[in-house]
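Below is one structure; the comments refer to it alone.
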Amino acid sequence: MLKLGVLVSGGGTNLQAIIDAIEAGDLNAKITVVLSDNPEAYGLKRASAHGIPTEVVTRDGYPTKKTYDTRAVELLRSHGVEYVVLAGFMRIISKVFLAAFPMRIINIHPSLLPSFPGLDVQQAAIEHGVRFSGCTVHFVDEGIDSGPIIIQAVVPVLDGDTEDLLSARILKEEHRIYPQAIQFISEGRVRVHGRRVHIKGPGASESDHIVNPPITLTEG
Ligand code: GAR
């Protein structure tokens, strides 16, 4: 069974979705530790409520990226972690981390990458006027939100959307695709060829187009 280390900085709703999928028998994996850079992260409480061990590594204790990541890797290894799942972890992963878990670190990001990498991306999507946004599960590489893409989900951006409304619509999809991506990995179905991620077996969508807003020839 795939042993996961989940890294959180905040609320941890994606962590909760992964826990729920495991407990429902939909995801064949075990979270052996939840690690946070923020002692106040609600995700730590979610972990404890489900009997999952937690670790906190604060920035203060480890001022450089290298020392921070060395300590985090050491702790993840001590919990037998094989695969690292970033779930709202607001730190950039260094080479130390990447070398310790090569192509074994995944992230979820609340936009349709490569559009809108970085922070505050839901507001940026609204301001840009895009018709669609969504979320992306991807492998982590040395860039920012730039690694090979495993799954994406699309949501419409609606007239009158606020950052909160769009974030909530995207988050709902995050909670569906993140456990699914981990399950694909757990089943050994994921292969990476350059930038392209191939997923063996069933699961491809049947719909060949989505239009937003829907096209009608006449008003009303
Ligand atoms: C999620 O929307 C996730 O995609 C985003 O932070 C939120 C965490 O929510 N991650 C990033 O922006 C990473 N660049 P959660 O703590 O409730 O799972």
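Just so it is clear, the structure is predicted and the values come from calculations on it, not from any experiment. Note that ligands are numbered from 1 as they come in the structure, with each ligand's atoms numbered from 1 the same way. Worth knowing before you read on, the calculation uses all heavy atoms, side chains too, and leaves out hydrogens, waters and symmetry mates.
For atom 14 (N) of ligand 1, the closest heavy atom belonging to the protein is H109 ND1, 3.5 Å. Regarding atom 7 (C) of ligand 1, its nearest protein heavy-atom neighbour is G88 CA, 4.3 Å. Considering only non-hydrogen protein atoms, atom 17 (O) of ligand 1 sits nearest to T13 OG1, 2.5 Å. Among all non-hydrogen protein atoms, the one lying nearest atom 16 (O) of ligand 1 is G12 N, 2.7 Å. At the top of the distance list for atom 5 (C) of ligand 1, counting protein heavy atoms only, stands P110 CD, 3.8 Å. When hydrogens are left out, the protein atom nearest atom 13 (C) of ligand 1 is I108 O, 3.9 Å; that is the closest non-hydrogen contact. Of the protein's non-hydrogen atoms, the one nearest atom 9 (O) of ligand 1 is N14 ND2, 4.1 Å. From the protein, the heavy atom lying nearest to atom 4 (O) of ligand 1 is E174 OE1, 2.8 Å.
Contacts of L171 with ligand 1, taken as heavy-atom pairs under 4.0 Å, involve the side chain alone.
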Requested in this report: Take S9 and N38 through the test side chain to side chain donor-acceptor pair (under 3.5 Å) and record every step on the way to the result.
Outcome: CA-CA 6 Å; S9 296; N38 171 14; over 6 Å; no
Report task. Please report the C-alpha distance between H109 and H138 in whole Å, then the side-chain angles of each, then the deciding distance to 0.1 Å, and finally whether the ring-ring contact (aromatic ring centres under 6.0 Å, His included) criterion is met. Result -> CA-CA 8 Å; H109 181 78; H138 63 94; 7.0 Å; no
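Within the cation-pi definition used here (under 6.0 Å to the ring centroid, within 45° of the axis), R59 does not qualify as a partner of Y68.
Of the residues L27, I150, I18, the one that meets the side chain to side chain contact (heavy atoms under 4.5 Å, CB included) test with Y178 is I18.
In summary, the atoms of ligand 1 found under 4.0 Å from a heavy atom of M90, numbered by their order in the structure, are 6 (O), 10 (N), 11 (C), 12 (O).
Looking only at side-chain heavy atoms (C-beta outward), R169 and S133 stay at 4.5 Å or farther from each other. For the pair I22/K30, no side-chain contact is recorded, criterion being any heavy-atom separation below 4.5 Å from C-beta on. With a 4.5 Å cut-off on side-chain heavy atoms, I177 and I108 count as touching.
A salt bridge links R176 with E173: the closest approach of a Lys/Arg side-chain nitrogen to an acidic carboxylate oxygen falls below 4.0 angstrom.
Within the structure, the closest approach of G43 to ligand 1 does not fall below 4.0 Å when heavy atoms are considered.
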